[in-house]
Amino acid sequence: MSNSINPIVWQEDRVLLVDQTLLPLACKVVEIKTYQAMAEAIRTMIVRGAPAIGVSAAYGLYLGAKEIQTTDRTIFLEKLEAIAATLRQTRPTAVNLFWAIDRVMATVQEATGNIPELQNLILDTAKAIHNEDLATCQAIGDQGLAVLPEIPEKLTILTHCNAGGLATAGYGTALGVIRSAWRENRLGMVYADETRPRLQGSKLTTWECVQEGIPVTQICDNMAAHCMQQDRIDAVVVGADRITANGDAANKIGTYSLAIVAKAHNVPFFVAAPLSTVDFSLSDGKQIPIEERDPKEVYQIGDTRICPEGVQFYNPAFDVTPAHLITAIITEKGAVAPDQLINFKG
Ligand code: MRU
C-alpha cells in the first residue's frame with residue numbers, strides 16, 4: 001500500500017525526524033538523541049500532527065529512560081515521570097501526545113524486572129505505538145470509502161491542514177481516506193486549504209499529493225465557501241487533534257468555519273481520526289485546551305513583519321467543530337455518526 005514517506009524512523013539509539021518546518025523547500029532529516037531534543041522538536045513543530053507527536057513522545061521517553069542511572073525501581077520511576085512531564089508540556093491540544101505517554105507509563109508501572117528490562121520495555125512499547133499507527137491509518141483510509149458520496153464522477157475532496165503521512169506514522173488520517181479513494185480510482189481532485197498561519201496545507205498536504213501523483217489544487221482558506229457555492233466540492237475530510245465523548249472535534253484553526261460552510265452548502269463533512277484521538281474523559285469540546293502560539297506566526301511572513309506596530313494579535317492553533325456539523329467520524333473500527341462514537345469506548 002502506498003506510503004510515500006516515513007516521517008519518524010527509529011535507528012539504533014536515535015530517532016530520525018523529517019524536519020517539517022523546512023518542507024517543501026528542503027527535505028532534511030534531524031537526528032534526535034535526547035528527550036530534551038525530542039520535546040523541543042515537538043514544541044517547534046519539526047514533528048507535528050496528533051498521531052506523529054504521540055509516536056515521537058513515546059520514543060522521547062525511551063531516550064530519557066536509557067540515560068537514567070540507577071538500580072532502584074522507585075528512583076527510576078520518579079525520574080521517568082519527570083521526563084514524561086517535560087514531554088507533556090510541549091503541546092496541549094492533541095490528546096495522542098498524552099495517550100502515548102500514559103500508555104508507556106502504565107506499561108512500565110505494571111511490569112516487573114530490572115532497570116535494563118524496563119528500559120527495553122519502553123522501547124518495545126514505543127515501537128508498538130509506531131507500528132500500530134501505520135496499520136490504524138490504513139484501516140481509517142479504507143473505512144472512509146464506505147461513507148464517501150457515491151457519484152458517477154470522480155470525487156473532489158477538500159481537506160484542511162495536513163492530516164497526512166507526515167502527521168502520523170505514515171499514510172495519514174484524512175489524507176489516508178484520500179489515498180484510499182485514489183487507489184480505488186474514485187478520486188478526481190484534492191482541494192488543499194492553505195491553512196494560515198503555518199500553511200500546513202500549502203506546504204505539506206500539496207507536497208504529499210505531488211509525491212504520489214494525486215491531483216491537487218491549492219486554495220486560500222477564504223476560498224472554500226466560494227468553491228462549494230460553485231459545486232466544486234463533493235466532500236470535506238479533515239483530521240482531529242482531540243474528539244470528546246459527544247463527538248465534538250478539535251482540529252486546526254479554520255476547521256470550524258469550514259464545517260459551517262459545508263453545512264450551508266449540503267456538503268458532507270467527515271472527521272477521520274484513530275480512536276487514540278478520542279478523549280472519552282471529556283464530555284464536550286468546551287473542555288478541550290486550545291493551544292495559543294507565538295503571535296509572530298500571524299504578523300510575520302518568513303522573517304518579514306507584515307503588520308504595523310501597535311496592533312494586538314490572537315493566535316489560537318485549533319478550534320472545536322461541534323458534533324452537529326459532522327456527518328460522520330471515520331475511525332479504524334468504522335465510520336459512525338458523532339453521537340454513536342461512545343459505542344467505541346473500550
Ligand atoms: O498544529 P499541527 O500542524 O500539529 O496541527 C495538525 C492538525 O490539526 C491535524 O489535522 C491533526 O493533528 C490530525 S493529524 C492526522
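This is a predicted model, so every value here is computed, not measured. Whatever order the structure lists ligands and atoms in, that order sets their numbers, starting from 1. Throughout, numbering of the chain's residues begins at 1 and tracks the sequence.
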When you measure from [atom] to every protein heavy atom, which one gives the shortest distance, and what is it?
atom: atom 15 (C) of ligand 1; value: T173 OG1, 3.0 Å
atom: atom 7 (C) of ligand 1; value: D241 OD1, 3.3 Å
atom: atom 6 (C) of ligand 1; value: R48 NH2, 3.5 Å

Heavy-atom nearest neighbour of [atom] within options [options]:
atom: atom 13 (C) of ligand 1; options: P274, G49, A240; result: A240
atom: atom 14 (S) of ligand 1; options: A250, G176, A167; result: A167
atom: atom 4 (O) of ligand 1; options: R242, R91, Q20; result: R91

Give the atoms of ligand 1, by number and element, whose distance to some non-hydrogen atom of [X] is under 4.0 Å.
X: T168; result: 15 (C)
X: P51; result: 14 (S), 15 (C)
X: K252; result: 1 (O), 2 (P), 5 (O), 8 (O)
X: C161; result: 5 (O), 6 (C), 7 (C), 8 (O)
X: M45; result: 1 (O), 2 (P), 3 (O)
X: A50; result: 12 (O), 14 (S)
X: N251; result: 7 (C), 8 (O), 9 (C), 10 (O), 11 (C)
X: N162; result: 9 (C)

Problem set entry | Considering all heavy atoms, the nearest W182-G213 contact | CZ2-O, 3.3 Å

Problem set entry | Considering all heavy atoms, the nearest Q119-I68 contact | NE2-O, 3.8 Å

Exercise. L63 and side chain to side chain contact (heavy atoms under 4.5 Å, CB included): which partner among T34, I83, D13, I32?
Worked result: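 Running side chain to side chain contact (heavy atoms under 4.5 Å, CB included) over T34, I83, D13, I32 with L63 returns exactly one hit, I32.
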
For this session: State the CD1-CG distance between I151 and D234, to the nearest 0.5 angstrom.
Result: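 The CD1 atom of I151 sits 3.5 Å away from the CG atom of D234.
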
Exercise. Distance-only, no hydrogens or angles: does the T195 side chain make a donor-acceptor pair with backbone N or O of C161 under 3.5 Å?
Worked result: yes

Exercise. Hey, is the main chain of I75 close enough, under 3.5 Å, to the side chain of D72 for a donor-acceptor pair?
Worked result: yes

Exercise. Taking 4.0 angstrom as the limit, do E67 and K79 come out as a salt bridge?
Worked result: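 No, this pair does not count.
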
For this session: Specify whether Y59 and W10 have parallel, tilted or perpendicular ring planes, treating 30° as the upper limit for parallel and 60° as the lower limit for perpendicular.
Result: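 Parallel.
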
Exercise. If you count the non-hydrogen atoms of other residues, nucleotides and ligands that lie under 6.0 Å from NZ in K66, is the total more than 12?
Worked result: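 Enclosed: over 12 neighbouring heavy atoms sit under 6.0 Å from NZ of K66.
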
